[in-house]
Amino acid sequence: MTTPRVGERTGRIGDSTARPDGTPKVTGAFAFSSDLYLTGMLWGVTVRAPHPRAEIHGVDVGPALAVRGVAAALTAEDVPGRAVYGLDVPDQPVLARDTVRYQGEPVALVAADHPETARRAAAEVAVDYTVLEPLTDPRRALDDGSPQLHPGGNLVRHVPIRRGDPQPTAEVVVTGEYTVGMQDQAFLGPESGLAVPAADGGVDLYIATQWLHVDRDQVAAALGLAPELVRLHLSGVGGAFGAREDLSMQIHACLLALRTGRPVKMVYSREESFFGHVHRHPAILRYEHGATREGRLVYVKAEILLDGGAYASTSQAVAGNAATHAAGPYEVPNAHVDVYALYTNNPPCGAMRGFGAVQACFGYESQMDRLAAACGLDPAEIRIRNAMREGSAAITGQVLDFPAPVAELVRRVRDRPLPPQRSTDLRAMPGGVGGTTHGEDVVRGVGYGVSIKNVCFSEGFDDFATARVRLEVTGGEPVATVFTAACEVGQGLVTVQEQVVRTELGVDRVMIAPADTSVGGAGSSSASRQTYMTTGAVRAACAKVRDRLAGRDPASLGDEVIDATVEWRHRPTSPLDPVTGQGFAHVQYAFAAHRAVVDVDLGLGLVKVVELATAQDVGKAVNPLAVAGQIHGGSAQGLGLALMEEIQVRDGEIVNPSFTDYLIPTVLDMPPMSLDVLELADPNAPYGVRGVGEPPTISSTPAIVAAVRAATGRNLNRVPVRPEHITAEGLSVEAGR
Amino acid sequence: MRVELTVNGEPQVADDVWEGESLLYVLRERLGLPGAKNACEQGECGSCTVYLDGTVVCACLVAAGQAEGAEVVTVEGLADGDALDPVQRAFLDAGAVQCGFCTPGLVVAVHDLLARTPDPAEADVREALAGNLCRCTGYEHILAAVRLAAERGGEGRS
Ligand code: FES
Ligand code: FES
């Protein structure tokens with residue numbers, strides 16, 4: 001498949017079926033969480049700490065309450081239930097009580113009848129702080145003299161991997177130290193939702209999230225309510241990319257609604273959004289690769305520090321991923337890996353598309369290029385020589401019992417014709433519409449990146465999804481309705497659910513009920529898992545419905561309603577051995593390869609990505625058009641990390657919390673993207689599917705940086721690459737390392 | 001203050017408007033037209049793109065008072081009843097919609113582009129849409145949608 005198949009529309013698996021939410025999205029009728037409205041509702045805002053580390057001696061909300069139009073102002077004293085929350089470790093205060101651990105930490109809440117009134121009143125809340133020296137260097141986190149930010153110390157998790165010979169030697173050895181900056185998910189739809197108090201003492205929360213049930217459980221605990229009294233309803237989600245896996249305003253809006261007895265809406269501004277969700281972990285990676293003269297890997301040694309920031313979020317799992325993916329999609333008999341996730345007073349970091357595999361990939365792919373140079377091999381060739389295949393063992397000892405066409409993916413991108421040398425349109429030059437060059441000082445380079453990514457939850461997590469399918473005759477026609485708590489975040493999950501039902505039941509009319517917590521959990525729309533999991537669950541529920549149909553035509557059901565619910569699990573995984581890091585940790589791996597072609601203006605250090613070619617194995621393209629969209633969008637986020645996207649943190653403070661200063665790729669930054677989509681079915685997965693969303697985000701970054709290195713001869717050991725790393729000063733920056 | 005304006009052909013009145021409110025706030029929170037989105041409130045993302053007296057603007061940068069007496073057209077005003085505008089149709093057919101948060105602004109921006117330049121070159125399309133951020137699609141299918149709408153010609157385009 002090179003271009004999405006249009007042609008015949010069956011609405012079944014393998015068809016580029018149109019999205020059921022497409023029409024409301026193009027007409028403006030689709031209700032995102034920031035669009036919700038109820039008569040009499042209040043607006044909630046958050047008071048946030050301006051310091052990355054401080055003690056709190058008192059919070060006075062009196063002046064805020066005195067503002068006309070203010071209905072409530074709350075502090076930590078007003079949290080009736082569990083005072084802390086967190087995905088894996090409940091270490092994050094709902095509202096800070098005595099300690100502030102990052103700039104922007106919520107301290108108090110205000111609700112008023114107009115958002116501006118609420119904002120002004122929030123500015124009146126008086127907090128008595130003693131400012132403390134923040135711990136901002138993750139390399140210092142474990143030093144004796146460093147402050148302990150949490151009772152258990154500053155180590156969130158250490159993941160070792162020990163495989164093969166502990167003292168390996170090799171003919172060719174290359175080393176490198178690499179740095180990955182802090183990337184933001186920068187979804188367009190800000191954190192928002194509407195909490196509505198209910199007559200039974202509970203609350204209904206309409207929310208944009210990735211995981212309804214885990215939100216529900218954390219909200220209920222903080223409110224001190226039974227989970228059944230906290231009902232979550234998925235509202236329109238304006239993108240997620242990991243940033244909605246942790247709570248933002250969920251508990252806060254519910255606290256205000258229950259206190260005031262009125263509906264409360266909260267919507268973060270863009271600036272607040274930069275403080276209101278976790279980011280991608282910045283990383284420092286030290287690598288040593290050993291190989292034979294022919295370029296066959298003998299060993300990989302790696303030490304990776306992940307700056308987790310102030311709270312744990314998903315740092316434990318991110319560290320597990322960075323470790324298990326540390327050597328990339330390559331066969332290597334000996335490995336010695338240590339990954340450390342650490343607490344600091346920097347912004348909290350957690351899930352973002354690629355989840356630990358992004359950081360590792362920039363390290364191991366940079367190393368593969370160094371190794372190719374040291375062995376006198378072409379960068380594509382060294383990757384093909386070492387490529388994993390079905391039957392290969394990962395550095396965890398896990399044997400790949402599914403297709404792993406890594407070499408083929410590299411060949412596909414390598415063998416594509418290269419784009420024409422130079423466009424005559426000056427807008428296609430580095431600097432683009434700025435017109436900074438007419439082609440003088442512009443050099444071209446080509447680079448490769450290959451990714452590996454686990455799909456679904458790993459390391460023994462009990463990972464399941466629930467689906468309920470109801471079949472009945474309505475208006476003389478059979479209609480199937482699907483109920484799940486699975487979150488449509490833009491990826492097209494609602495379409496996929498329809499496609500499964502049409503395929504399994506042969507019923508054309510399929511309705512997708514709004515996702516909420518009235519059915520069992522679906523797990524998160526993350527880890528490239530939701531199509532895999534919910535497809536599995538919906539298909540299994542359809543099979544149950546089919547059993548009860550017992551061969552009858554669905555149209556002949558009359559008044560009978562068939563209703564079946566299934567809780568579906570993928571095959572179990574196991575934890576990593578705590579000493580050796582060995583174990584069957586992952587359900588499935590997905591792979592992608594990129595080839596990037598760039599033009600670089602050596603004088604100004606500006607980069608124009610001319611073309612980005614991707615080859616990816618998706619197992620089965622359930623919806624080819626949506627698959628292509630995932631690969632394009634993922635590749636764009638990887639381009640952003642390579643060249644422009646970084647939350648800049650100085651002394652624990654974010655200096656660029658806006659779209660003016662935090663740049664994401666525009667349409668001018670994106671090159672044409674050609675795709676080669678392979679469909680080698682995974683025998684363990686429903687329909688053979690393989691997660692799609694993450695691999696393209698992972699490998700486009702190193703491919704682009706490799707192309708810039710090839711064009712410029714610079715080392716470029718950090719992302720994002722800045723113009724000053726490329727221009728003449730770049731040489732002295734590198735010499736000083 | 002009171003602001004009177006025409007939105008999608010209908011006369012509208014907004015009362016109790018605070019001086020600092022933007023046209024975007026008035027549309028979304030006072031007139032019940034949340035189609036135009038707020039993703040930055042700084043003129044950086046284009047999610048709030050609407051027509052103001054025939055010219056596309058970022059509604060977040062227009063003070064409500066500046067829209068007094070103006071003709072505003074939002075994404076909600078492009079379709080003719082159930083008949084989608086060709087630009088909207090093309091966004092659906094080309095797979096240009098994922099989360100859809102950028103979509104209303106982009107639909108209006110493309111509508112304007114094709115009204116002015118019915119058959120734009122790709123470089124012109126990129127330049128024209130550079131102020132509209134999309135985080136989901138990498139823009140490839142959005143460009144395909146513009147091509148598709150242009151190929152299908154101007155029939156029905158207002
Ligand atoms: S909300 Fe107006 S440009 Fe972003
Ligand atoms: S479709 Fe999500 S931002 Fe464009």
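All chains are named by letter (A, B, ...) in the order of the sequence lines, taking the proteins before the strands, and each is independently numbered beginning at 1.
- Contacts of B:Leu84 with chain A are made by side-chain atoms alone, with heavy-atom separations under 4.5 Å and no backbone atom involved.
- When heavy atoms are compared at a cutoff of 4.5 Å, A:Phe241 approaches chain B solely by way of its side chain, counted from C-beta outward.
- Contacts of A:Ser635 with chain B are absent, with no heavy-atom separation under 4.5 Å from either backbone or side chain.
- In this structure, the portion of A:Asp425 lying under 4.5 Å from any heavy atom of chain B is its side chain and not its backbone.
- The backbone N or O of A:Pro671 sits nowhere less than 3.5 Å from a side-chain atom of B:Tyr139 that would complete a donor-acceptor pair.
- Looking at A:Val433, the atoms closer than 4.5 Å to chain B (heavy atoms on both sides) all sit in the side chain, from C-beta outward.
- Atom CD1 of residue A:Ile631 and atom CD of residue B:Glu140 lie 11.5 Å apart, to the nearest 0.5 angstrom.
- Between A:His632 and B:Cys136 the shortest side-chain heavy-atom distance does not fall below 4.5 Å.
- In terms of non-hydrogen atom pairs under 4.5 Å with chain B, the most contact-rich of A:Gly28, A:Ala240, A:Gly634 is A:Gly28.
- B:Ile142 does not touch chain A: none of its heavy atoms, backbone or side chain, sits under 4.5 Å away.
- Residues A:Leu625 and B:His141 are in side-chain contact: their nearest non-hydrogen atoms beyond the backbone lie under 4.5 Å apart.
- Interface remark: of the candidates A:Gly22, A:Gly492, A:Ala186, A:Ala186 forms the most heavy-atom pairs closer than 4.5 Å to chain B.
- Judged purely by atom type and a 3.5 angstrom limit, A:Lys25 has no side-chain atom pairing as donor or acceptor with the backbone of B:Phe101.
- Inter-residue side-chain proximity for B:Pro104 and A:Phe30 is flagged as unmet; no heavy-atom pair is nearer than 4.5 Å.
- No side-chain donor from either of B:Glu29 and A:His114 sits under 3.5 Å from a side-chain acceptor of the other.
- The contact between B:Ser47 and chain A is made entirely by side chain atoms (from C-beta outward), counting heavy-atom distances below 4.5 Å.
- In terms of heavy-atom proximity, A:Phe659 sits nearest to B:Cys40 at CD1-CB, 4.0 Å.
- The backbone N or O of A:Ser658 lies less than 3.5 Å from no partner atom in the side chain of B:Gln42, so there is not a single donor-acceptor pair.
- A salt bridge is absent between A:Asp669 and B:Arg126; no separation between the charged side-chain nitrogens and carboxylate oxygens falls under 4.0 Å.
- Across all their heavy atoms, B:Gly138 and A:Ala636 have their closest contact at CA-CB, 3.7 Å.
- Counted within 6.0 Å of CZ on A:Arg68, heavy atoms from surrounding residues, nucleotides or ligands total 12 or fewer; the atom is thus considered open.
- Atoms CZ and OG1, from B:Arg89 and A:Thr23 in turn, are 6.0 Å apart once rounded to the nearest 0.5 Å.
- Across all non-hydrogen atoms, the minimal contact from B:Cys99 to A:Gly239 is CB-N, 3.3 Å.
- For A:Pro24, no part lies near chain B; criterion is any non-hydrogen pair under 4.5 Å.
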Apply side chain to side chain contact (heavy atoms under 4.5 Å, CB included) to A:Gln630 and B:Gln98, showing your working. CA-CA 9 Å; A:Gln630 284 296 306; B:Gln98 288 188 31; 3.4 Å; yes
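- Listed for the A:Gln637 side chain is a donor-acceptor partner under 3.5 Å among the backbone atoms of B:Arg135.
- Within the 4.5 angstrom heavy-atom criterion, only side-chain atoms of B:Cys45, from C-beta onward, approach chain A.
- Contacts between A:Gln185 and chain B at a heavy-atom distance below 4.5 Å involve the backbone alone (N, CA, C, O).
- Separation of atoms SG (B:Cys102) and CZ (A:Phe187) is listed at 14.5 Å; rounding is to 0.5 Å.
- When heavy atoms are compared at a cutoff of 4.5 Å, B:Ala94 approaches chain A solely by way of its backbone atoms N, CA, C and O.
- Contact of B:Asp124 with chain A is made through backbone and side chain together, with heavy-atom distances under 4.5 Å.
- The choice from B:Thr103, B:Thr137, B:Asn132 that makes the most heavy-atom pairs within less than 4.5 Å of chain A is B:Thr137.
- With a 4.5 Å cut-off on non-hydrogen atoms, B:Asn38 touches chain A through its backbone but not through its side chain.
- Between the side chains of B:Gln88 and A:Thr27, no donor-acceptor pair is found at a separation under 3.5 Å.
- Residues A:Arg19 and B:Leu92 form no side-chain contact, since every pair of their non-hydrogen atoms from C-beta on lies 4.5 Å or further apart.
- Here the OG1 atom belonging to A:Thr117 is positioned 8.5 Å from the CH2 atom belonging to B:Trp18, to the nearest 0.5 angstrom.
- No more than 12 heavy-atom neighbours from other residues, nucleotides or ligands sit within 6.0 angstrom of CG on B:Asp82.
- Salt-bridge annotation for B:Glu41 and A:Arg270: absent, with no side-chain N of the basic residue lying under 4.0 Å from a carboxylate O of the acidic one.
- Each of A:Val667, A:Thr666, A:Leu188 has some count of heavy-atom pairs under 4.5 Å with chain B, and the biggest count is that of A:Val667.
- The greatest number of non-hydrogen atom pairs below 4.5 Å with chain A, out of B:Ala96, B:Ala144, B:Ala123, is found for B:Ala123.
- Contact tally against chain B (heavy-atom pairs below 4.5 Å) for A:Asp35, A:Asn623, A:Leu668: the top residue is A:Asp35.
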